[in-house]
Amino acid sequence: QVQLVESGGGLVQAGGSLRLSCVASGRVFGAYAMGWFRQAPGKEREFVSAIRWSVGTPYYADSVKGRFTVSRDIAKNTMFLQMNSLKVEDTAVYFCAAGSAATSNSGNYYGWGQGTQVTVSS
């Protein structure tokens with residue numbers, strides 16, 4: 001079983017930046033991909049980004065493409081999400097997940113972190 005811990009959330013003004021981290025432990029090497037999802041109040045959890053763990057191929061939701069960058073440090077079992085040009089609508093709890101495929105389908109992810117709050121003010 002993989003354990004995931006997110007950090008780096010906070011309060012930032014629109015146009016600002018934040019960098020989220022997700023540290024993985026446990027059965028990390030069984031994960032084919034890791035992803036970021038977010039959930040705003042009253043809304044369903046939505047896909048943000050994913051990365052194929054071994055080769056580093058990134059994937060993004062259209063809403064964040066060009067503003068967010070996903071990366072990973074294999075030696076540290078850590079995934080990052082650099083978020084630039086943040087918008088009010090990016091406000092949500094951000095979750096990282098480990099999965100069997102780098103897709104936008106949350107059903108392909110079997111390990112989830114507890115989430116970190118990102119709040120973007122106008």
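Among residues two or more places apart in sequence or in another chain, the side chain to side chain donor-acceptor pair (under 3.5 Å) test is passed with Ser54 by none. Every residue was checked against the side chain to side chain contact (heavy atoms under 4.5 Å, CB included) condition with Glu44, not counting sequence neighbours, and none meets it. Arg19 meets the side chain to side chain contact (heavy atoms under 4.5 Å, CB included) test with Phe80, Gln82; sequence neighbours excluded. Under the rule for a side chain to side chain contact (heavy atoms under 4.5 Å, CB included), the partners of Val12 that lie at least two apart in sequence or sit in another chain are Leu18, Leu86, Val120. Taking Ser104 as the reference, Phe47 meet the side chain to side chain contact (heavy atoms under 4.5 Å, CB included) condition, with sequence neighbours excluded. Not counting sequence neighbours, the partners of Lys65 by the salt bridge (Lys or Arg N to Asp or Glu O under 4.0 Å) test are Asp62. Under the rule for a side chain to side chain donor-acceptor pair (under 3.5 Å), the partners of Thr119 that lie at least two apart in sequence or sit in another chain are Gln117. Take Thr103 and apply the side chain to side chain donor-acceptor pair (under 3.5 Å) test, not counting sequence neighbours, and it matches Asn108.
Of all the heavy atoms in Gly9 and Leu20, the pair that sits closest is N-CD2, 3.6 Å. Closest approach of Val5 to Gln114, counting heavy atoms only: CA-OE1, 3.8 Å. Ser49 and Leu81 make their closest contact through CB-CD1, 4.2 Å (heavy atoms, listed as atom of the first residue, atom of the second, distance). Of all the heavy atoms in Ala92 and Ala40, the pair that sits closest is CB-N, 3.8 Å. Across every non-hydrogen atom of Thr78 and Ser21, the tightest pair is CG2-CB, 4.4 Å. Taking every heavy atom of both residues into account, Val2 and Ala98 meet most closely at CG1-CB, 3.8 Å.
Both Ile51 and Phe68 belong to a common hydrophobic cluster when Ile, Leu, Val, Met, Phe, Trp and Tyr are linked at side-chain heavy-atom distances under 4.5 angstrom. A single hydrophobic cluster is not seen to contain both Val64 and Val88; linkage of ILVMFWY side chains at heavy-atom distances under 4.5 Å, directly or through other members, places them apart. Tyr59 and Met83 fall into different hydrophobic clusters, where Ile, Leu, Val, Met, Phe, Trp and Tyr are joined by side-chain heavy atoms under 4.5 Å apart, directly or via other members. Under the 4.5 Å side-chain heavy-atom criterion for ILVMFWY residues, no single connected hydrophobic cluster contains both Trp112 and Val118.
Using a 4.5 Å heavy-atom cutoff, the side chains of Thr69 and Pro58 are not in contact.
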Would Lys76 and Val23 count as a side-chain contact (heavy atoms from CB on, under 4.5 Å) if you check the C-alpha gap in whole Å, the side-chain angles of each, and the deciding distance to 0.1 Å?
-> CA-CA 8 Å; Lys76 296 182 179 179; Val23 180; over 6 Å; no

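Residues in residues 41-110 take part in these disulfide (SG to SG under 2.5 Å) pairs, two or more places apart or across chains: Cys22-Cys96. Pairs engaging residues 82-109 under the ring pair (Phe, Tyr, Trp, His ring centres under 6.0 Å) rule: Phe37-Tyr109 [sequence neighbours left out]. Here salt bridge (charged side-chain N to carboxylate O under 4.0 Å, His left out) pairs that include residues 90-119, with residues two or more places apart or in two chains, are Arg38-Asp90, Arg67-Asp90. Residue pairs meeting the salt bridge (charged side-chain N to carboxylate O under 4.0 Å, His left out) criterion with at least one member in residues 100-120: none, sequence neighbours excluded.
Note that OG1 of Thr116 and CD of Glu6 are 7.0 Å apart. Values are rounded to the nearest 0.5 Å.
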